[in-house]
Visitor: 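Have a look at the structure that comes next, please.
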Amino acid sequence: MPGEPRFLPFWSARRPAADATVFCLPHTGGGASGYRGWIGADPRLDVQPVQLPGREGLMGMPAAASAEELVPLLGAELAERATGPTVLFGHSMGAFLAAELVAWLHRGGARVPELLVVSAHRGGARRHPGPGPLGPDCTDEELLGALREMGGTAPEALADPQLRELLLTTVRDDLRLGHAYRRGYGERELPVPVLACGGRDDTVTADELADWSAHTARECRVRLFPGGHFYLHQHTRQVLRAVHEALTTGLPPAPASRTPEPPRTPQQERGHHAADRPR
């Protein structure tokens with residue numbers, strides 16, 4: 001009988017009768033509490049936020065220095081708890097961690113999830129750049145500016161000096177992990193279908209989300225929702241509905257490819273730009 005989990009702070013509120021358990025991994029600087037509002041939002045899914053070391057209830061545990069260190073820690077506990085259908089959901093930084101967890105479980109012969117959901121992360125990226133183009137050595141002002149611009153951070157956490165200091169420490173730890181990250185699996189190695197989600201106004205484009213198709217031996221589909229990088233917290237029920245649909249009825253067919261338009265002639269190009277000028 002497994003003991004009390006370290007990395008699943010809401011395990012005691014699990015819903016055994018749900019169709020599947022959805023393990024949710026956070027973004028850079030985020031914690032399990034960021035998914036608290038997801039618990040019970042769709043009774044068909046048992047949402048289980050995953051807590052990473054060095055934050056919230058695990059402040060006393062050193063932050064992981066690399067994905068190679070972190071993934072086996074999380075993977076061992078998730079494998080122990082995954083007794084039924086599961087989904088791995090990762091947002092931003094959590095997306096590459098979720099993918100690495102699938103690969104780690106597969107290599108170890110453990111049960112793999114029925115579905116991988118990657119959110120707001122480029123499929124072609126070999127590393128995770130963090131919030132904007134900033135690295136772990138940027139100034140506090142640069143980092144705070146990027147966090148404010150992207151949204152998703154509680155204003156009180158930015159306004160309170162103590163909370164702000166804790167947040168910046170966590171973000172820098174995650175940026176170091178992200179900048180050190182190199183993908184640990186090959187092309188077509190992930191043995192699960194992939195649902196790649198994003199916000200229509202995010203800097204991560206639909207084409208970049210579609211690049212996840214290169215990493216799975218199964219199907220990959222893209223779903224876009226209104227909003228920016230943190231669209232998922234504005235449209236929680238819609239996102240969970242899309243997850244449940246992909247899990248129970250399969251991923252929707254890929255849209256029909258469009259016939260490329262022929263290149264414009266110089267005369268057409270001049271007319272096109274003239275039509276765009278303000279009148």
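Only this structure's heavy atoms are used, side chains among them; waters, hydrogens and symmetry mates stay out.
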Visitor: Are any side-chain N or O atoms of Thr216 and backbone N or O atoms of Val192, one a donor and one an acceptor, separated by less than 3.5 Å?
Guide: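 Yes; at least one donor-acceptor contact below 3.5 Å.
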Visitor: Can you check whether Glu142's main-chain N or O pairs, donor with acceptor, with Thr139's side chain at less than 3.5 Å?
Guide: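 Yes; at least one donor-acceptor contact below 3.5 Å.
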Visitor: Quick check: does any side chain N or O of Arg164 sit under 3.5 Å from a backbone N or O of Ala159, one acting as donor and the other as acceptor?
Guide: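 Present.
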Visitor: side-chain hydrogen bond (donor to acceptor under 3.5 Å, both in side chains): which pairs involve residues 239-249, sequence neighbours left out?
Guide: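 Pairs touching residues 239-249 that pass the test: Asp19-His244, Arg44-His244.
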Visitor: Give a yes or no on whether the backbone of His121 and the side-chain of Trp212 come within a donor-acceptor separation of less than 3.5 Å.
Guide: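 Such a contact is found between Trp212 side chain and His121 backbone.
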Visitor: Do side-chain atoms of Asp46 reach the backbone of Arg15 as a donor and acceptor pair under 3.5 angstrom?
Guide: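 Confirmed, Asp46 side chain pairs with Arg15 backbone.
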Visitor: With rounding to the nearest 0.5 Å, note down the distance linking CG in Leu166 to CD in Glu56.
Guide: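 Interatomic distance, Leu166 CG to Glu56 CD, rounded to 0.5 Å: 10.5 Å.
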Visitor: What residue among Ile39, Leu25, Leu8 forms side chain to side chain contact (heavy atoms under 4.5 Å, CB included) with Pro49?
Guide: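 Option passing the side chain to side chain contact (heavy atoms under 4.5 Å, CB included) with Pro49: Ile39.
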Visitor: Which word best sums up how the rings of His91 and Phe230 line up, parallel for under 30°, tilted for 30 to 60°, or perpendicular for over 60°?
Guide: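 Geometry flag for Phe230 against His91: tilted rings.
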Visitor: Kindly give the heavy-atom pair with the smallest separation between Thr170 and Gly29, and that separation in Å.
Guide: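 In this case the closest contact between Thr170 and Gly29 is CG2-CA, 3.8 Å.
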Visitor: How long is the gap from OG on Ser213 to CD on Glu219, to the nearest 0.5 Å?
Guide: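 If I round to the nearest 0.5 Å, the distance is 11.5 Å.
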Visitor: Go through the side-chain N and O atoms of Tyr181 and Glu68 and say whether any donor and acceptor fall under 3.5 Å apart.
Guide: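 Result is no, nothing qualifies.
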Visitor: Do Phe96 and Val112 land in one hydrophobic cluster if side-chain heavy atoms of ILVMFWY residues count as linked below 4.5 Å?
Guide: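 Yes, one cluster joins them.
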Visitor: Whether the Thr21 and Gln48 side chains hold a donor-acceptor pair (N or O, under 3.5 Å, no angle test) is what I'd like checked.
Guide: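 There is no such pair (donor and acceptor under 3.5 Å, judged by atom type) between the side chains of Thr21 and Gln48.
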Visitor: Report the distance from atom SG of Cys197 to atom CZ of Arg223, rounding to the nearest 0.5 Å.
Guide: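 Here the interatomic distance stands at 7.0 Å.
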Visitor: Whether the His229 and Thr203 side chains hold a donor-acceptor pair (N or O, under 3.5 Å, no angle test) is what I'd like checked.
Guide: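 The answer is no; no qualifying pair exists.
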Visitor: With rounding to the nearest 0.5 angstrom, report the CZ to CG distance, Arg172 to Leu143.
Guide: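 These two atoms lie 5.5 Å from each other.
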Visitor: Return the CG to OG1 distance between Leu163 and Thr153, rounded to the nearest 0.5 Å.
Guide: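 That separation rounds to 12.0 Å.
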Visitor: Determine, for Asp207 against Arg122, whether the closest basic-nitrogen to carboxylate-oxygen distance falls under 4.0 angstrom.
Guide: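 No.
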Visitor: Under 3.5 Å, is there a donor-acceptor pair between the side chain of Arg14 and the main chain of Trp11?
Guide: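 It does hold such a pair.
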Visitor: Between atom NE2 of His215 and atom CD of Glu189, what is the distance when rounded to the nearest 0.5 Å?
Guide: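 His215 atom NE2 to Glu189 atom CD measures 11.0 Å (nearest 0.5 Å).
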Visitor: Identify the two heavy atoms, one from Ala67 and one from Pro72, that lie closest to each other, and give their separation to 0.1 Å.
Guide: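 It is O-CD, 4.1 Å.
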Visitor: Backbone N or O of Gln162 within a donor-acceptor pair of the Glu165 side chain at under 3.5 Å?
Guide: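 No; judged by distance alone, with no hydrogens or angles, the pair does not exist.
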Visitor: Just by distance, do the side chain of Arg55 and the backbone of Gly30 share a donor-acceptor pair under 3.5 Å?
Guide: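 Looks like yes, one N/O pair under 3.5 Å.
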Visitor: Quick one: does any side-chain atom of Glu77 pair with a main-chain N or O of Pro5 as donor and acceptor, under 3.5 Å?
Guide: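 Such a contact is absent between Glu77 side chain and Pro5 backbone.
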Visitor: Could you tell me whether Glu69 atom CD has more than 12 heavy atoms of other residues or ligands within 6.0 Å of it?
Guide: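 Yes, because the 6.0 Å sphere around CD of Glu69 holds more than 12 heavy atoms from other groups.
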Visitor: Can you give me the closest heavy-atom contact between Ala242 and Leu195, atom names plus distance?
Guide: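 Heavy-atom minimum between the residues: O-CD2, 4.0 Å.
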